[in-house]
Number of protein chains: 2
Amino acid sequence: MSRRPAANMTYECSLRTESRSTGGPEWLPASAYTRPMPAPPKSLIVPAVAAKPADAEAPISRGDRKLRTRAHLLAAALQLMGEGRGFGTLSLREITRVAGVVPASFYRHFRGLDELGLALVEESGVTLRRLLREARRTGMPPKDILRRSVQIFRDYIHAHRLHFMFVAGERSGGSALIRAAVRAEERHFIDEMSHDLRQFGLMPGSSTAALHMACGLVVTTMMNAATDFLDVPPDQPQLEREITENFVRQLRLIFLGARVWRE
Amino acid sequence: MSRRPAANMTYECSLRTESRSTGGPEWLPASAYTRPMPAPPKSLIVPAVAAKPADAEAPISRGDRKLRTRAHLLAAALQLMGEGRGFGTLSLREITRVAGVVPASFYRHFRGLDELGLALVEESGVTLRRLLREARRTGMPPKDILRRSVQIFRDYIHAHRLHFMFVAGERSGGSALIRAAVRAEERHFIDEMSHDLRQFGLMPGSSTAALHMACGLVVTTMMNAATDFLDVPPDQPQLEREITENFVRQLRLIFLGARVWRE
DNA sequence: AAGTTCAGTAAACGTACGTTCACTGAATAT
DNA sequence: ATATTCAGTGAACGTACGTTTACTGAACTT
């Protein structure tokens, strides 16, 4: 399961070209675009939701248009991986199909799939860092820090589900190129985190190296928890609570260990 | 990079059939098999080594032969993933090609690729558990436990490189089916490990639940370290030493935390 | 107003894929 | 000695793929 639909289907083409003339654009006045109106980037399974939520109106400029299509391509790839597939299993045609664009168009934006992958890593890296930034801005409530942080983290994951699926998935699997890029982002994340921890004065007795090591441990644990959270079916609050609880305890143990750490 | 060779190649067929008549079987007397002698399961890159190391002689029985081919298929899949690709990117034809067998033969052994994947999970699970078993047999040397264990672990990883690449890679990425199976194996591993830790009397003050939680943390860290180890190029002993050192410290921190753990 | 640029198009190419089918012939069962 | 079984074969099928090519026409430049 979960690999490509195993051959024998309706032959791909009908989708884009037909969907524009038949069941297509009643959800938006077709006149909104002059010609290169991209077909709705709808999934093959859930047709309506996600990716391009009536952001229509008038994005006129040519450069903006290009950016928009590029974003559609990235979103399409993420969406496909959201159905539970590795980046390496995506095909170019598939991505362009979901993005509502012809395959050849892809090359106007990326040299190939790897380049798109790297763009996704960067995008995800930004999402990751924003998590830290928000935590920094909020400051840490001195009471129940861990439990609160984990709750925030859980919410953040679900709000950026696709990015986290991507990072968690490609962090260890798949292509060496992408994995390396993800690990680099992760290192930046660890660096920032240990900087913040020092700033906030948690673990004052520890050396920089020890702090960094502990943060690495935290991030590993965090990524693992992310995979766990993302694998929970949406109707299993009990399971999610257990994962939350386990994650909190693990973090507690780590910080306990860090407090008594001596070289 | 690292996805499939990007089209435009010599058309696959020539490979198997030709290699038998031209440059093929001088490494073994062709008469060893009557007819269904499988072509050498050589990689497209490194032709000679690995998979079927002169285990020839006479495995006569039909059942044995079937098992042997099955093993070749599993080994072929692992080998391909060893080149740094996710399981989801493998194709059936590719696997049979490397295994030295015609595509249709695949179905004599597996219903499809997923079934082969699950077989690989099981195989890898056995490898994982053998690690614990050996640790149990040896007993833990009371001096420098952590450092010694990590060295053993590092050696074990390299001795079973492909299995660990598979587990580490599919643990978070790829198909939900395989991921679930891997996580199940991992849970078994954690169970056994916490049982052993209790047996050996480490962490005597902790509840079963706490022990289990700590073991989960250890295994997550371990899997992460495995990916790190496997990504080190073979000529970078310094980098490997750093990873080892980091891993030791992380484990030390975890056990430190576990020692002072209170509910 | 005329000319240039270039994101997106349509069609074609050669290759690879999964799956099916009737077959062959040695290992087994009778 | 004869019949049955069945792992492995070879060929064919329809579908999907990545990439290239010449094109169109609106957005920009002059």
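Just so it is clear: chains get the letters A, B, ... in the order the sequence lines come, proteins before strands, and each one is counted from 1.
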*Map His109(B) and Gly112(A) onto DNA chain D by nearest heavy atom, then report which one ends up closer to the 5' terminus.*
His109(B)
*Rounded off to whole Å, could you give me the CD1-to-C1' distance for the Ile60(A) and dA7(C) pair?*
16 Å
*Looking across every strand, which nucleic acid part, if any, lies under 4.0 Å from Phe106(A) by heavy atom: base, sugar-phosphate, or nothing?*
nothing
*Closest to the Ser105(B) side chain, choosing from dC17(D), dA7(C), dG8(D)*: dG8(D)
*asked:* Nearest to the Leu92(B) side chain among dT19(C), dT19(D), dA16(D), which nucleotide is it?
replied: dT19(C)
*Arg68(A) has an atom CZ; how far is it from atom C1' of dA7(C), in whole Å?*
12 Å
_For the OG1 atom of Thr89(B) and the CG atom of Leu90(A), what is their distance to the nearest 0.5 Å?_
11.5 Å
_If I take atom CZ in residue Arg93(B) and atom C1' in nucleotide dG14(D), what distance separates them, rounded to the nearest angstrom?_
12 Å
*Could you check which of dG18(C), dT9(D), dT9(C) has an atom nearest any side-chain atom of Leu113(B)?*
dG18(C)
*asked:* Whole angstroms only, please: what is the CZ-P distance between Arg111(B) and dT20(C)?
replied: 11 Å
*asked:* Looking at dC17(D), I'd like to know if its phosphate oxygens (OP1 or OP2) sit under 4.0 Å from a side-chain N or O belonging to Ser91(A).
replied: yes
*Leu116(A) CG to dG18(D) P: how many Å, rounded?*
12 Å
*Between Arg171(A) and Val182(A), is there a donor-acceptor pair closer than 3.5 Å when you use the side chain of the first and the backbone of the second?*
no
_Separation of Glu240(B) CD from Asp228(B) CG (nearest 0.5 Å)_ = 11.0 Å
*Using modelled atom types only, decide if a donor and an acceptor are shared between the side chain of Glu94(B) and the backbone of Ser91(B) within a distance under 3.5 Å.*
yes
Any N/O pairs under 3.5 Å between the protein and nucleotides 3-6 of chain C? List them or say none.
from: dT5(C); atom 1: O2; to: Arg62(A); atom 2: NH1; distance (Å): 2.7
from: dT5(C); atom 1: O2; to: Arg62(A); atom 2: NH2; distance (Å): 3.2

*Verify the contact: side-chain N or O of Ser61(A) to OP1 or OP2 of dA27(D), cut-off strictly under 4.0 Å; return yes or no.*
no
*Rounded to whole angstrom units, what separation is found between the CD atom of Glu115(A) and the P atom of dT19(D)?*
12 Å
*Calculate the interatomic distance between Arg70(B) atom CZ and dC6(D) atom C1'; express it in whole Å.*
17 Å
*Expected output: side-chain Glu192(B) to main-chain Arg129(B) donor-acceptor under 3.5 Å*: no
*Could you tell me whether the phosphate oxygens of dT19(D), OP1 or OP2, come under 4.0 Å of any side-chain nitrogen or oxygen in Tyr107(A)?*
yes
*Kindly check if the number of other-residue, nucleotide or ligand heavy atoms within 6.0 Å of CD (Glu122(B)) is above 12?*
no
_Parallel, tilted or perpendicular: which one describes the rings of Phe106(B) and Phe110(B), with boundaries at 30° and 60°?_
tilted
*Side chain of Arg97(B) - closest among dG18(C), dG18(D), dC17(C)*: dC17(C)
*Please give, in whole Å, the distance from dT19(C) C1' to Phe110(B) CZ?*
17 Å
